[in-house]
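Data block below; observations after.
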Amino acid sequence: MASTNSLPASWTTEPMGRIAAPLREQVITALRQAILDFHLKPGQRLVERELIEQLGVSRTTIREALRELTSEGLVTVVPQKGAIVSAPSLEDAIDLYEVRAALESLVVQRFVERASDEQVVRLAATIDHLAAVAESTTEVRAILAAKDTFYAVLIEGAQSSALQQLLEGIQARVQVLRATSLSEAGRIPEVVRELRAVTDAVANRDAKRAARLCAAHVRSAAKTALGSLTADK
């Protein structure tokens, strides 16, 4: 009897090993993109045998990749079931977004206190870049990558390795929800407006206002993303 493959037909990828990046990194990137593009949907089982056949790599490489994605929060290992694409509960997602709002507010405040004038200018430029990308494509992965440039400059200027580690951990946990929020019709223009308001406050070195606006931005994103979880209930 023919085996049933639970991987979606919409997810097609070349066998690994044909480009210069280390094989493990190729596999991690391929799986991460498949999750963020919703080819692999929240709650879907990730069967090692199927992934080996799809990607043309060893079981060891698949297991290493799944461990890395688990550490990023994109994959969850469930007892008696194995690895699945992470699907945070509504309650967990609410808590994660509240933590993210508080944490990003603190990062913005540290940026205002510690960043150079050149970094302030670069932060504002990331919003122009985000707006340009959003006008040129509807691909969520590209828009998410453009938005991440804002956070890269923000973290650089905040000059805190502790805050960087915490923020990266939280954002990994809500990565799929971030993609869901950005996929919502009309959300991107709102994101641009919200973040431009943050950078305007930063340019004025108004730490309290910038932190407050950043928290409001995260809570707006949460409202959109959590709405999708509520609709699924």
Side-chain angles (χ1 to χ4, degrees), residues 5-78 81-89 92-93 96-97 100 126 129-130 133-134 137-152 154-155 164-184 187-188 191 221 224-225 228-229:
N5 190 330
S6 63
L7 296 176
S10 62
W11 182 38
T12 58
T13 182
E14 289 293 322
M16 300 292 103
R18 296 185 180 180
I19 58 177
L23 187 60
R24 175 177 173 274
E25 296 304 317
Q26 292 183 52
V27 173
I28 291 169
T29 297
L31 290 173
R32 185 188 293 119
Q33 288 180 277
I35 291 170
L36 295 179
D37 290 342
F38 297 102
H39 292 305
L40 300 175
K41 299 182 183 299
Q44 180 171 345
R45 286 188 65 205
L46 299 172
V47 181
E48 286 184 3
R49 170 184 54 78
E50 295 176 356
L51 295 175
I52 290 168
E53 293 173 358
Q54 178 86 352
L55 298 170
V57 297
S58 68
R59 185 178 301 274
T60 297
T61 301
I62 291 295
R63 288 181 175 177
E64 289 176 350
L66 291 177
R67 276 197 294 271
E68 173 62 26
L69 294 173
T70 297
S71 74
E72 293 181 12
L74 293 177
V75 170
T76 301
V77 177
V78 179
K81 191 173 183 179
I84 65 169
V85 178
S86 294
S89 68
D92 284 345
L96 285 168
Y97 268 103
R100 184 182 158 199
T126 66
H129 173 62
L130 172 61
V133 170
T137 182
T138 58
E139 186 180 355
V140 172
R141 187 172 69 246
I143 295 170
L144 196 58
K147 189 169 186 279
D148 283 343
T149 63
F150 168 82
Y151 290 107
L154 193 66
I155 283 293
Q164 178 177 359
Q165 291 172 1
L166 290 168
L167 184 58
E168 288 176 350
I170 288 293
Q171 290 205 336
R173 295 282 303 276
V174 297
Q175 189 79 322
V176 172
L177 291 174
R178 290 180 68 207
T180 301
S181 176
L182 289 174
S183 299
E184 188 77 12
R187 177 58 188 152
I188 298 299
V191 169
T224 305
S228 69
L229 288 180

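None of the values given here were measured: they were computed from a predicted structure.
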V27 and I62: CA distance, side-chain angles, deciding distance, side-chain contact (heavy atoms from CB on, under 4.5 Å) verdict: CA-CA 7 Å; V27 173; I62 291 295; 4.1 Å; yes
Going by heavy atoms in the side chains, are [X] and [Y] under 4.5 Å from each other?
| X | Y | value |
| --- | --- | --- |
| L46 | L69 | no |
| Y151 | L167 | yes |
| V85 | K41 | no |
| L55 | L31 | yes |

Other residues, nucleotides, ligands: >12 heavy atoms within 6.0 Å of R141 CZ: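 Buried by this count: over 12 neighbours within 6.0 Å.
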Rounded distance (nearest 0.5 Å) linking atom [atom1] of [X] with atom [atom2] of [Y]:
| X | Y | atom1 | atom2 | answer |
| --- | --- | --- | --- | --- |
| I143 | D148 | CD1 | CG | 12.0 Å |
| E25 | E68 | CD | CD | 7.0 Å |
| I84 | L66 | CD1 | CG | 12.0 Å |
| R63 | E48 | CZ | CD | 4.0 Å |
| I188 | K147 | CD1 | NZ | 8.5 Å |
| Q171 | E168 | CD | CD | 8.0 Å |

Return the minimal non-hydrogen interatomic distance between [X] and [Y], and the atom names on each side.
| X | Y | answer |
| --- | --- | --- |
| R32 | E72 | NH2-OE2, 2.6 Å |
| R24 | T61 | CA-CG2, 4.1 Å |
| S86 | G73 | OG-O, 2.9 Å |
| T137 | A142 | CG2-CB, 4.0 Å |

Audit row: L154, T126, side-chain contact (heavy atoms from CB on, under 4.5 Å) steps and yes/no: CA-CA 10 Å; L154 193 66; T126 66; over 6 Å; no
